[in-house]
Structures are given as C-alpha cells and as structure tokens.
Amino acid sequence: MLGEIRGLNEECGVFGIWGHPDSAHLSYYGLHALQHRGQEGAGIVVTDGQALRAVKGEGLVNDVFNEEKLKSAKGNAAIAHVRYTTAGGGGIENVQPLLFRSSTGSMAIAHNGNLINANHLKQHLERSGNIFHSTSDTEVVVHLIKKSKKPGLRAQVKESLSLLKGAFSILIITKDCMMVARDRNGLRPLSIGKLGDAWVVASETCAFDLIGAEFVRDVEPGELLVISDSGIEEDRFAAKDQRAMCAMEYVYFARPDSNIDELNIHMARKRMGKRLAQECIGIEADVVTGVPDSSISAAIGFAEESGIPYELGLIKHKYTGRTFIQPTQELRERGVKMKLSPVVQVVKGKRVVMVDDSIVRGTTSRRIVTMLKEAGATEVHVVISSPPMKNPCFYGIDTSTSEELIASSNSVEEIRDVIGADSLTFLSAEGLVEAIARPFDDEYRGLCMACFTGNYPTEIFPDTVLPHEKELVR
C-alpha cells in the first residue's frame, strides 16, 4: 500500500494458533498475510507444552525467518507479531512477542494497539520496584500480571487488562494455554477461526484465507478467551464501552480481502468512492486513477458512479520498502519516485481525477500531483476517500500531535494550493459512515472517527491507580 499514509502508520499485526503440530510454519504464513501492518520487526514464540521458545528479529518476515529457524521452533501452539514502531521506539528489545521467564512460569505477549495510560502505569510499577527491559508499552501488561494478588493466572490477567486504557488486541501464551483479549471499545480488529481442530487468531481474516482456516467470529470488545487443549472458554475482563472500531482500518490499514465485522474492506472502499463521486460537484475529467494500493477500490467505485473511465494511471514499483519507513521526511519524499511512476500514455493530455485515501502532511500528495502534471496531465483533481484528518490519534497510529496534520491548521482550499491540485474534495464524515455501513445504531455506527471529528471514545489521559498501590496515591 502507498496512499498518502506514507506519513501515517498502523501499529502491528498479531497471529496465534493452538493445537497444530506445525504452528511455527503456519504462524510464518500468517505473518506474511499481515506484513502490511508492520514491516520493522517480526517474531514467533512457540510452546511444546513444556517450554516457550522465541524466534524474532528486525526487518521483514522473509528477512527474519528461514527454514532452519522455523524447523527449530517445534511446538503445537504459537503466537506471532509484525511490528511498526509507535509507542516505545525501535530496537530488537521491542520486537514482539515479548517473552518473560520466571520461577512461577514463563509467558509471552503480543499486542496490536497503543496504551494511552502506559506511562502512568509504568511509573507506579517502577516505584514499587519493577525493572523494565524494553521501552514498549506492552511490557507494562506483563508486570501488571506478575504484580496482581489475584488467585490464578486468569484472574490476574483479567485484573491487569481492566486497568488498561486505549487500544489493544492482545495474545498471551504460556505452556498451558493461549489467552486472547480485545479492548472494551474494540478499537483494533481481532478474529478467531478454526483450522481442523486447531484454533487460530489473527488481526485480519486475510490470514485465515492464506492458511486455509475458517472464520468463526470476531472477538468481542472487553472479551477474554482462554484456549487450551480442553477447547475454548469465553470470559470477560470488562463490560463493553462505546463500540469504536478505528475507521482508518476500513479506509486504509486492512487488506482489501479482509472482513471486519463481516464487512468486506474492498466493498466498503468501493462504496466510499461511489459516495465521493456523489459529493463531488462540477468536476469534469477524462480519466480516474487511484494511488496504489489502498486507493484502487475507492477509485473503481468513483469511476463506476461518475461514469468517468478508470485507468491505471499510476504504477507501483515492487520490491521497494514502504516510503514511510524512511527515517526522515526528506527521505520519505524522495522515496515516492522510487515507489510510483505515471503511465504517460494514460494521463498525457487528460484531465485526471486522482483518488487517494487520505492526506496527512500533504508533501506526498504534492509530489504525486507534480508527477502527473510532468507526465502531461492537463488538470489533476484530487479526491480523498476520507474526511480531513484534523486531530491526533492516541490509539496506535503515529500522529500524536496536531502539528503533523496539514488539515489541522489549513482549509481545504489552502491544502489544495499546497499540493498544487486543480481541485480538492474530501469525503464527508457522514459519507464515510454511510459507505462503511456497519450494523450499529449509534451516531458513528460503532466507529472511532476521532482523527476526523475530535470525538475520542476514551479518556485521553486517564488517572489509573493500581490496586496494590492505592496507599501511594492519596
């Protein structure tokens, strides 16, 4: 995927399997399906019923694993993770799953999302003597579990999860079981499936398709599942709060062949394009093209609704890393030309509608518009299949300040001028909600629209007090 999200990144992807003798290889394939969710590190932790073993490293899935490593990771259960850095920064110590060994039993944890009260919790834990080995907010969860005075691991996990604020889809594995949990708002996707007698868990259903697993259902917000050789047990660590799946999962993050709440991502994006065409007034053009890959579905929908023919006007180069992984904005901008080329014969002498999924900083949109005009496009009309992104995200997308967002301080006309387009149209918030068409009854149909509207579904800076540290807070 490219899109304007060269400067916008999702947190991670998680995968787990219980009850299959080839768990490591299947986890490897599952991570391949989820590679778009994180490209900075990957890891697998397996259990053979006696001990946990980790294989992980920095880089892409293919860079981290080989046949020798996978064969050495023998076990009938595993959890796995692909990572993009947000909270905690990079480094091998932050590559998940994080594995912890102790006299009371080993466990590993993998997490997709961002804990907005992680620093607060960490300060409490450090005051009571805990030492952290990584800068990842995920490590906080394990220390909470180990600190809990509740009887039994399940009760300890439930208490610890109840203290977390923010977005999380979490997998925990021990030699005896795998625990699966999703935050009480359901901000990040998580589904369960079956592969024969084995249970499978993944951030996206496309991972099930790759390994031949059958989708069973989505993990409910606030739910805790315990999977073992005895089967699956359903429990809860919290009641559901306002349901709030991240709208950007539908706009950009998820693969088009995935389903969230049983809604197909490609079809949702096509509806966004159709609605966008209905909201565009007065655009006359000869050809519609989408910025590969995540905007193609919306571009097809726009073309079908408007009657303007769709053409492949931009080509994505294979075998180059995502431009947003470059460490500086200058290198990211340079990387755009490595990623995209205009098809001159398609755009030359034409009025082009360029469909993209979002505008973050505006720099990449400006370069693509310039590229199309240098290829001979007489006009470039930019249409965006989401509303202006005006507000920072605290739930696992690395836009934590308004200063990073061009729409936070510029009007649509000012943004149009910055990117050099002949016109600029964003999809309305109402149009986005209607296009996604989730089957819920609240105003935003169970979506988190905070980056567009500023209405956050959780406290942003909650004051969380640990049960065992109440005496420290008076």
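Just so it is clear, the model here is predicted, and its values are computed rather than measured.
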Check ion pair Arg154-Glu233 (N to O, under 4.0 angstrom): yes
Pair Asp241 + Lys165: basic N to acidic O under 4.0 Å: no
Between [X] and [Y], is any side-chain donor less than 3.5 angstrom from a side-chain acceptor?
X	Y	result
Lys175	Ser106	no
Asn76	Trp18	no
Glu67	His25	yes
Ser169	Asn112	no
Arg269	Tyr252	no
Ser295	Asp357	yes
His120	Asn117	no

When you compare the side chain of [Y] with that of [X], does any pair of heavy atoms fall below 4.5 Å?
X	Y	value
Leu153	Met179	yes
Tyr456	Pro392	yes
Tyr250	Met245	yes
Leu171	Ile109	no
Leu121	Val141	no
Pro457	Tyr395	yes
Met107	Ile145	yes

All side-chain hydrogen bond (donor to acceptor under 3.5 Å, both in side chains) counterparts of Arg445, not counting sequence neighbours: Glu434
Thr138 and its side-chain hydrogen bond (donor to acceptor under 3.5 Å, both in side chains) partner, picked from His81, Arg83, Gln96: Gln96
Single hit among Glu159, Lys158, His143, Gln156 for side-chain hydrogen bond (donor to acceptor under 3.5 Å, both in side chains) with Ser148: Glu159
Set of residues satisfying salt bridge (Lys or Arg N to Asp or Glu O under 4.0 Å) with respect to Glu204, sequence neighbours excluded: Arg37
Phe440/Arg243 under side chain to side chain contact (heavy atoms under 4.5 Å, CB included): CA gap, chis, key distance, verdict: CA-CA 9 Å; Phe440 301 105; Arg243 198 171 185 125; 3.3 Å; yes
Ser23 side-chain N/O to Ile17 backbone N/O, donor-acceptor pair under 3.5 Å: no
Asn455 side-chain N/O to Ala450 backbone N/O, donor-acceptor pair under 3.5 Å: no
Over all atoms of both residues, closest heavy-atom pair of Ala254 and Ile260: CB-CD1, 4.1 Å
Which atom of Ala181 lies closest to which atom of Phe237, heavy atoms considered: CB-CE2, 4.1 Å
Aromatic ring proximity, centroids under 6.0 angstrom, Tyr28 and His32: yes
Within 6.0 angstrom of Phe100 CZ, more than 12 heavy atoms from elsewhere: yes
Heavy atoms of other groups near Lys194 NZ, more than 12 under 6.0 Å: yes
